[in-house]
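Have a look at the structure below, then the notes.
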Amino acid sequence: MTATVDSAERDGHGVKPMFGAQRANWPQFGTYLFILIPFAALLAAAPLAWGWGLLGWVDIALAVVFYTLTCLGVTVGYHRYFTHGAFKANRAVRVGLAIVGSMALQGPILHWVADHRRHHAFADREGDPHSPWAFGTSPVALARGFWHAHMGWVFDRKLTNAERFAPDMLADADIRRVDRQFGLWTAVTLLAPALLGGLITWSWLGVVTAFFWAGLVRVSFLHHVTWSVNSICHMIGERPFRSRDKATNFWPLALLSMGEAWHNLHHADPTSARHGVRRGQIDVSARVIWLFEKLGWVSEVRWPTPQRLAKLAVK
Ligand SMILES: [Zn+2]
Ligand SMILES: [Zn+2]
């Protein structure tokens, strides 16, 4: 008992158990289905595009639009706002971000936020849901750790206890509703591109190719970009700021991840609205938050100050 209380005090998330109910059979089946089918589409993407020419400009444009929208739903919404409280938002923006984040098909919002807060509370230590260092430092252990941190952990049926890690989210009726509607947003994110593709090209082939590219391939591509932050950005890259874990900045992923690859700064200063804080470190998500602030949609944004960054920098 004492040990539980001690560790709970250390991670700042109370004394409730780490895990909630096990994931039931249907949601578990859904997890496999909605991760592996888009993944199969991603693998089939290259031959379909170059071999058979089944990729048109409409598909590309729709994929880019839905990628950008849902990626920002995760980075600005799920991550910087809901998980870390990097700014305050009015109700419409709050619900909108929760919905667009859900459309990335990275799990219902309560699961995502609880998992990610647990990741920060135990980063690269026992209790972290997805540390690449979980199995040791030998080459075999690291290969296994990479797989686990990247994709394997998603299928773990032991779900993070939202009552412990996200009680603020559970207390919000709007958030509970969006969380319950995850099936609906799954349908919307896959069918909306198909519908638009059909309407724009006025053909059934347009429905099918837009569903494939802007639905399935886009979903899986974003899965892998997000998961790369969990795997690569805890293994490879630079560590210019002081964090208690192995989080790194990995510039090649900066643009695709919309700023999330500046992960070392993020772990050093989790509530900061901006992760790419140095000259030339592109952070699209921070730009979008900046724009929202200018439009008056969000407030009390936690922008990093030069003094704070100097304090966090490795001497
Ligand atoms: Zn991390
Ligand atoms: Zn985070």
Side-chain angles (χ1 to χ4, degrees), residues 11-13 71-87 97-98 101 104 106-107 109-135 142 145-154 156 160 162 164-166 168-169 222-254 256-277 281 283-286 288-289 301-304 308 312:
D11 71 55
H13 285 289
C71 183
L72 290 169
V74 167
T75 63
V76 173
Y78 268 28
H79 190 209
R80 300 191 196 190
Y81 174 55
F82 288 109
T83 302
H84 295 296
F87 54 87
L97 286 173
Q106 297 186 3
I109 187 164
L110 288 168
H111 289 183
W112 202 102
V113 170
D115 277 335
H116 194 68
R117 286 185 184 164
R118 177 153 76 95
H119 167 59
H120 278 266
F122 297 97
D124 293 319
R125 292 181 293 134
E126 200 184 335
D128 184 342
H130 46 65
S131 174
W133 303 92
F135 304 103
L142 280 177
F146 179 85
W147 158 255
H148 164 76
H150 190 75
M151 192 168 174
W153 75 277
V154 179
D156 193 342
T160 304
R164 172 166 168 178
F165 292 95
D168 53 321
M169 305 281 290
L222 179 54
H223 277 161
H224 284 280
V225 169
T226 303
W227 295 338
S228 295
V229 175
N230 297 338
S231 55
I232 295 173
C233 294
H234 276 262
M235 291 180 102
I236 304 162
E238 289 161 359
R239 312 197 60 239
F241 295 98
R242 281 184 288 123
S243 68
R244 291 175 303 166
D245 41 59
K246 297 190 189 299
T248 64
N249 286 348
F250 184 69
W251 69 265
L253 268 175
L256 278 177
S257 69
M258 309 218 172
E260 301 283 282
W262 307 113
H263 202 57
N264 169 248
L265 179 280
H266 173 54
H267 273 263
D269 194 12
T271 59
S272 172
R274 185 170 157 190
H275 297 181
V277 293
Q281 294 187 338
D283 184 341
V284 176
S285 304
V288 169
I289 296 170
V301 182
R302 292 169 181 263
W303 296 118
R308 181 155 177 81
L312 292 168

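In listed order, ligands and their atoms are each counted from 1.
Here Arg242 pairs with nothing under the salt bridge (Lys or Arg N to Asp or Glu O under 4.0 Å) rule; sequence neighbours left out.
Taking the Zn ion (ligand 2) as reference, His84 places its N/O/S atom NE2 nearest.
The aromatic rings of Phe135 and His148 lie perpendicular to each other, with more than 60° between the two planes, well past the 30° mark. Relative orientation of the His266 and His84 rings is perpendicular, given thresholds of 30° and 60° on the angle between their planes. By the 30° and 60° cut-offs, the orientation of the rings of His119 relative to His263 is parallel.
Here the closest heavy-atom approach between residue Ala98 and residue Tyr78 is recorded as O-CE1, 3.8 Å. Looking at every heavy atom in both residues, Phe82 comes nearest to Arg117 through O-NH2, 2.7 Å.
Listed by chain and number, the protein atoms of type N/O/S under 2.8 Å from the Zn ion (ligand 1) are His119 NE2, His234 NE2, His263 NE2, His267 NE2; waters are omitted.
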